[in-house]
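What follows is a set of notes on a single structure, which appears directly below.
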Amino acid sequence: MNSRNPSNEQDDPLPPRYCIGIDLGTTNCVLAYVDTEASATEAGASKPEADQSEEKQRKESDASSANANTEFTVRTFLVPQWVDLGVAESRSTLPSFHYTLHPSEQLPHSDAHDWLNPSDDALASCVGEYARIAGLLHPGRQIASAKSWLSHEGVDRTADLLPWHGDHDVPRRSPADASASYLKHLADAWDAEHPDHPMSEQDIVITLPASFDEVARELTIRAAKMAGLPRIQLIEEPQAAFYAWLDRHRNEWQDLVQVGQLILVCDIGGGTTDLTLIRVRPADSDDQSNVVQFHRVAVGKHLILGGDNLDLAVAKAAEAKLGRTLSPRQWQQLLAAARQTKETFLSEPRPERTTIHLPGEGSSLIGGGLSVEMTAEEVDSLLLDGFFPEVDMESEVDAQQSGFQEVGLPYAADPAVTKHLAEFLREHRRTGLDDTAADDNATDQPKPKESDQVNLVLFNGGVLTAPAIRKRVIGSLTKWFSEPAVLESARLDLAVAQGAAHYAMVRRGHGVRIAANLARTYFMQIEQNPPRAVCVIPADAQAGQSFRIDQVPMDLRVGVPVSFPLWVSSTRLADRPGEVVDIDPNTMTPLPPIQTALKDRKRRDQSTMQIVIESELSEIGTVGLFCVSDAKRWRLEFDIRGTLETDRESHDYAGESAGIVDEETLDECRQLIARVFVEGTLKPSLLIKRLQTTIGTSRDQWPPALLRQLWESLMEVQDHRRRSPAHESRWLNLAGFALRPGYGVAVDDWRTSQTWRMIYGKISHPDHQVRAESYVMWRRIAGGMTAGQQSQLATSLGRWLLGGTSNQDMAEANEAWRTIGSLERLPIDQKRSFATAVMESLDRKKASPLYPSLFWTLGRLASRVLAYGPLNLIVPATDVSHWLQKLSHSPSLNTGDEATKRLAAFTITQMTRRCDDRFRDVDQPTRDRALSLLDRLGAPDHWIELVKNGGQLDHEEQQAVFGDTLPLGIELRG
């Protein structure tokens, strides 16, 4: 993971001079460091340029970790940044905001910081304090909470999508790119002050939430590379916070903790709530420097629940007091102002009341502003009772969908942090009890009893700087157990970076190290009937350990898709690597399996080889699995936290569980396919009928497992589809039907890619019917296609669809348009171009034969809820409003064809369906126009309800969206 092994670092004769810790936070970034060549006194003597208040704060923070007896000193780097137009200052935090300057704004050149000078680009940008405050006036030009977007699986996290619903002239950036801009600013600031020791050559530790998924971790590493930092190490933020506490109490921490105690690290920052449990255990007998050691034994779920949620709550309350629904732009301004209001009321001292002012819009910009007063009592009730209510230990987390969807992020469904804390402690307060192996040199003295209740609590994160919130959390812990002691921190906003720098020194052998063993056991399923699994990672695994599972050699198929299901248990803690156990759903939880196809260039396309499994545990909790055969190794990485996140769902095997077919029936189906395509003894037109007779049900009732088997059989004979246009048409039709909707069954992504590789651009017969069937196939499996494949297909189709279809076969044109509508991963501009062409065609009576397909396509392109595509590719509501206004006067709505009218009504429903996200929802005049049109077209009551109040599509409506029957057990998102 772009990091060096610590053991190698210790052997390095010339290690880097500086150890750097970076807190890449949701709201603020902080850089701390250790100068390994300076004594504590020398380190405290130099003063970088800073204002007096910041220097005083920095001194107070450094003083806690610097004294005459320490080996090294952790210091906070003061980061130069623009704080206003023309004003640059050095501050201990760099606000995590990126801002594209408005044409009316201009940053001057700084003589003191040449690197800070803006570029000559047409639209300059900056990060930090000015980016934060400028966003209050121009929120559409500001990127915020990029870190939360890194863990958002509902969007393409590599796409340029921020600022979310930003101004039209603001260049978009990916979450990783935005994060890289903060890291690059820190690196440039550091390099300017340390030209002989550039940051890229130092030891760097970057922090991230303990519950970040594998994609988010990899994107963090990518952001570092983009910032010119190719060599970094990652550490979980709660661990970093605890390292900071150890650093500040370097000479006394052994007197402040006792063997047997359980420590809760409660970290609530701007974007996430991170919960971690650490047990205090006796030190190893050969460790003469310490009397205790620390074991991280549990990590909480990934909760997008933090300061951003509090801001939303304040903004919602303020909007309610205004008595009106704000426009998206005013809402963005209110949200930025709510952040300041929250911080004002959670700080000490605080006012009794404050007023939020919002500028007017349009012609009312000067005199049409809005203002709303918020009181401390209101905010206390809102934030304390709403997010930190007093609850019982047995309180259950509400799994219903959160109403907070205003900025596109999948916030935790239940905002009550104390409920999540209760759930975490119910599940894990006994994790790791008495699971330590007996020491060979242990004395006869009895071991201290380990606690199953929280004895100590360490707070971290910006939200917990509020005394009232800390008091609520302590009150809950006291109610559930007894009052815990609080491990005091001087500066919660600086602790994580300081702890990361301290950890960089620990990696060099200085200080006590937290043992971050799993306290969970991981199994790989190896048998189906009965279901059995082999232990691959034991609960006591330590970072860097590897295991070879050679007790159970296995045969691996190469060149075909294979699945490696993974299971986890937090109760089966005694199983050892290589042990085979029965799968018990009561004690074991399934995790997303690896789904891949391994290839060996020296073997046939499909072969079998004997392998053994090797496994390893990285320092941040990534389980690595390897298939090993002779000297060959295939790496398989599992996302072990995939099912512990609130913003994603693991593969639930709904498709596989919808039914299976016996092998004898499958063989008969394969023979029928061979008779049509290989032997040529059965007409293609008879294939579906014969398959239905053999299977005993209509094709719409064929389960996905059977369908994917049919797909495999078709791929085996795909060369024979060239026999005739009739053969190729039937092959394409059945292949698309067998693989639809391109997802829902393990390794469907591989199946789709194989289909693309073998078929795209390789149609053998230049026949209208063959081409039309190829479009049907792509439409059916579009959900499994990549964005690049969809764009390539759309570009090809667009060459003649956007140029008119007068000389084209009508059946082919109909299917081509429907294919365009199914491509939900197209860029918004490309969708807009096709939708505009659809609108123009709907205005032409000569295009009436295409009306059904055009309506269906418009409904998919302009839908408020995509069937499978990411949120960032939903066409803006303003475009939909414009199209609906044109559609209300279109001759296509006056057709006498009832089926076409029904399609038009469903299209309007998709375009204006309420989803309680003001950035996706159309405005009220557009909604009223849609309701009027639906009434005119005689739409069903449920469609009217979907537009008025929102809701879920029923199964028949999902089929209408898909444009075909869906396989059993597989549904669309909406």
Tyr182/His98 aromatic ring centres below 6.0 Å: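 Ring-ring flag for Tyr182/His98: false, centres at least 6.0 Å apart.
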Over 60° means perpendicular and under 30° means parallel, so tell me whether [X] and [Y] are parallel, tilted or perpendicular.
| X | Y | result |
| --- | --- | --- |
| Trp253 | Phe294 | tilted |
| His197 | Tyr18 | perpendicular |
| Trp190 | Tyr33 | perpendicular |

With a 4.5 Å heavy-atom cut-off, do [X] and [Y] have their side chains touching?
| X | Y | value |
| --- | --- | --- |
| Leu477 | Leu425 | yes |
| Ile22 | Met199 | yes |
| Leu262 | Asp452 | no |
| Leu277 | Leu264 | yes |
| Ser90 | Val79 | no |

Pair listing, salt bridge (charged side-chain N to carboxylate O under 4.0 Å, His left out) test, anchored in residues 461-473, at least two apart: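 Output for this query lists Asp385-Arg472.
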Asp203 and Arg508 ion-paired at < 4.0 Å: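 Yes.
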NZ/NE/NH1/NH2 to OD/OE distance under 4.0 Å, Glu450 and Arg281: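 Looking at Glu450 and Arg281, the cut-off is met.
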Could you tell me whether a side-chain N or O of [X] sits under 3.5 Å from a main-chain N or O of [Y], the two making a donor and an acceptor?
| X | Y | answer |
| --- | --- | --- |
| Thr36 | Arg17 | yes |
| Arg350 | Thr344 | no |
| Thr93 | Pro95 | no |
| Glu201 | Pro198 | no |
| Gln293 | Pro282 | yes |
| Tyr243 | Ile514 | yes |
| Gln81 | Glu129 | yes |

Pairing residues for His185 by the ring-ring contact (aromatic ring centres under 6.0 Å, His included) criterion, not counting sequence neighbours: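 ring-ring contact (aromatic ring centres under 6.0 Å, His included) check on His185 returns Trp115.
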Separation between OG of Ser179 and CH2 of Trp149, rounded to the nearest 0.5 Å: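 If we round to the nearest 0.5 Å, Ser179:OG and Trp149:CH2 are 12.5 Å apart.
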Inter-residue atom distance Leu24.CG - Leu208.CG, 0.5 Å rounding: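 Atom-to-atom, Leu24:CG and Leu208:CG are 9.0 Å apart.
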Within 6.0 angstrom of Lys479 NZ, more than 12 heavy atoms from elsewhere: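 Atom NZ in Lys479 is packed in, count exceeds 12.
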Sole residue of Leu246, Asn460, Leu456 in side chain to side chain contact (heavy atoms under 4.5 Å, CB included) with Leu487: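 Result: among Leu246, Asn460, Leu456, Leu456 is the only option passing the side chain to side chain contact (heavy atoms under 4.5 Å, CB included) with Leu487.
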